Amino acid sequence: GPVVVLSGGVGGAKLALGLYRILPEQSLSVVVNTGDDFNHYGLRICPDLDTALYTLADLSDKEQGWGRANESWQCLQTLAELGGDNWFRLGDRDLALHLLRTQHLSEGATLTQCIHRLAANMGIGAQILPMSDQVVATELATDQGRLPFQEYFVRRQCQPVVESMHYTGAEVAQPSDEVLSALAQPDLRAIVIAPSNPYLSVAPILSIVGMKAALQRASAPVIAVSPVIGGAAVKGPTAKIMQELNLQPSALTVANFYKDLIDGFVLDTTDESLLSQLPVAGLSTNTLMTSLPDRERLAEEVLGFADQLR
Ligand code: FO1
Ligand code: CA
């Protein structure tokens, strides 16, 4: 049966790619966080959706995880020469996608329609779905004031100390019909929560109206994969933020964060001593996804684990 994965940016896209490569065409739906989205130079920027598009189309810059491979930076450099901001690095090729999306949106397309068109033109045989067509903006209350996500993450390099997270608009935003249909498929095999940042990437998805209920209604087991290995995050500020929120940076904290929603939790072999303390069924395996075969193997294991929990 089909599979749904909930994903943030880089870490989530790696597992989404593993799932995409082992599943038949058109059987994967990737529900993507849009809380990172913002406007810049009049363009609508959707970093996590674009990371999913570029990763599944095999166009991504493999080292940084976001943006395109074989990128050039003429426009960004020229902007700087003219006195413009260049803290958010938009490459020349990436800009083409931003122009097209901004135009589609201004013509009245929904974000879902827009991404559907882009994915089709990139030859992607999976559904890449924004979590909602309504705007949700992740903001962080920090020791340096309340900051929009990209202001915190990119411009200030996650330096400010985080006090709390806010998902502005989530209290009225709803999952799109496409997301609800994907979750309601009667033969759904698994819902996978990717190893993305639980607080910055997955929580915005879970916070929109009706999303948790839709996950709970789904017939398939819900499996989360830990983004924390041995007390450290694989990538990004997850562990730093957990410390700042007075949470123990451990896979167990992540499992407890998801406990009302999940049927199973996958953690790294480094943390296998935590298996007995998990609030749900657990699986320990190598969760570090360095190579493409790693991603495919982890995807196989996660689905095998889901099949056992049916
Ligand atoms: N991340 C950065 O750390 N620095 C950047 O300059 C940057 C530019 C950028 C441009 C387009 C895009 O789609 C993503 C971009 N990202 C950049 C990633 C983005 O900040 C994501 O929100 C994070 O990776 C978190 O998922
Ligand atoms: Ca369920």
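Because the structure is predicted, anything quoted here is derived from the model rather than measured. Remember, it's 1-based here, ligands and their atoms both numbered in the order they're listed.
- One N or O on the side chain of Arg297 and one on the backbone of Asn286 form a donor-acceptor pair closer than 3.5 Å.
- Not a single donor-acceptor pair under 3.5 Å links the side chain of Arg44 to the backbone N or O of Ser106.
- Under the side-chain contact (heavy atoms from CB on, under 4.5 Å) test applied with Val32, the options Val5, Leu49, Ile115, Thr51 reduce to a single match, Leu49.
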What are the distances between nitrogen or oxygen atoms of ligand 1 and protein nitrogen or oxygen atoms, counting only those under 3.5 Å?
unit_1, atom_1, unit_2, atom_2, d
ligand 1, 1 (N), Trp66, NE1, 3.3
ligand 1, 6 (O), Arg89, N, 2.9
ligand 1, 20 (O), Gln150, OE1, 2.9
ligand 1, 22 (O), Asp36, OD2, 3.0
ligand 1, 22 (O), Gln150, NE2, 3.0
ligand 1, 26 (O), Asp36, OD2, 3.3
ligand 1, 26 (O), Asp48, OD1, 2.8

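- Between the side chain of Tyr20 and the backbone N or O of Gly125, at least one donor-acceptor pair lies under 3.5 Å.
- The existence of a salt bridge linking Lys212 and Asp260 is excluded, since no basic side-chain nitrogen approaches an acidic carboxylate oxygen closer than 4.0 Å.
- Judged by distance alone, the side chain of Glu244 and the main-chain N or O of Val161 form no donor-acceptor pair under 3.5 Å.
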